[in-house]
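Notes for the one structure printed next.
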Amino acid sequence: SDLLKARAKSEEAQFNLAIESKKNTVITFGTSVIFKHIDSESYISGTIRPSAGSNGAFTVEVSNNLSESLIFKLLPYRSF
């Protein structure tokens with residue numbers, strides 16, 4: 001419906017304003033971030049699908065749609 005489309009457009013505009021307000025700020029551990037793929041103008045999105053490798057990682061992909069799967073949190077991790 002038109003009301004749902006208007007609401008989605010409004011939420012997208014608010015989301016984009018939030019992104020713009022955070023550009024060029026220092027990122028620290030614990031911060032939630034969104035990564036944008038410059039060439040495609042798409043966002044990096046996380047999935048729960050396993051990656052093709054055997055290392056237990058998940059698949060990432062690019063997405064034009066705004067969603068919570070775009071939000072990553074930077075956390076320290078030691079692999080040694």
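Along the sequence shown, the residues carry numbers beginning at 1.
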Next on the checklist: The test is side chain to side chain contact (heavy atoms under 4.5 Å, CB included); show your working for Thr47 and Val60 and say whether it passes.
Outcome noted: CA-CA 6 Å; Thr47 72; Val60 295; over 6 Å; no
Kindly indicate whether the side chain of [X], heavy atoms from C-beta on, has any atom under 4.5 Å from the side chain of [Y].
X: Phe35; Y: Phe72; value: yes
X: Ile34; Y: Ile71; value: yes
X: Lys36; Y: Ile44; value: no

Item to check | With Lys9 via salt bridge (charged side-chain N to carboxylate O under 4.0 Å, His left out) - residues at least two apart | outcome: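 Partners of Lys9 under the salt bridge (charged side-chain N to carboxylate O under 4.0 Å, His left out) test: none.
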Checklist entry - If you take all heavy atoms of His37 and Val62, which pair is closest and at what distance? => result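 Scanning both residues, the minimum pair turns out to be CB-CG1, 4.1 Å.
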Checklist entry - So, for Lys73 and Ser32, which heavy atoms are closest and what is the spacing to 0.1 Å? => result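 Taking Lys73 first and Ser32 second, the nearest heavy atoms are CE-OG, 3.8 Å.
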Next on the checklist: Holding to side-chain contact (heavy atoms from CB on, under 4.5 Å), I want the full list of residues that pass it with Thr28, two or more places apart in sequence or in another chain.
Outcome noted: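 With sequence neighbours excluded, Thr28 shows a side-chain contact (heavy atoms from CB on, under 4.5 Å) to Val26, Thr31, given in chain and number order.
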Checklist entry - Mind checking what makes side-chain contact (heavy atoms from CB on, under 4.5 Å) contact with Ser45, not counting sequence neighbours? => result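 Only Glu61, Ser63, Ser69, Leu70 meet the side-chain contact (heavy atoms from CB on, under 4.5 Å) criterion with Ser45.
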Checklist entry - Considering residues, nucleotides and ligands other than Leu75, do more than 12 of their heavy atoms fall under 6.0 Å from its CG? => result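 For Leu75, atom CG is crowded (more than 12 foreign heavy atoms under 6.0 Å).
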Item to check | Ser42 side-chain N/O to Asn64 backbone N/O, donor-acceptor pair under 3.5 Å | outcome: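 No, the answer is negative, given that no donor and acceptor are paired below the 3.5 Å cut-off.
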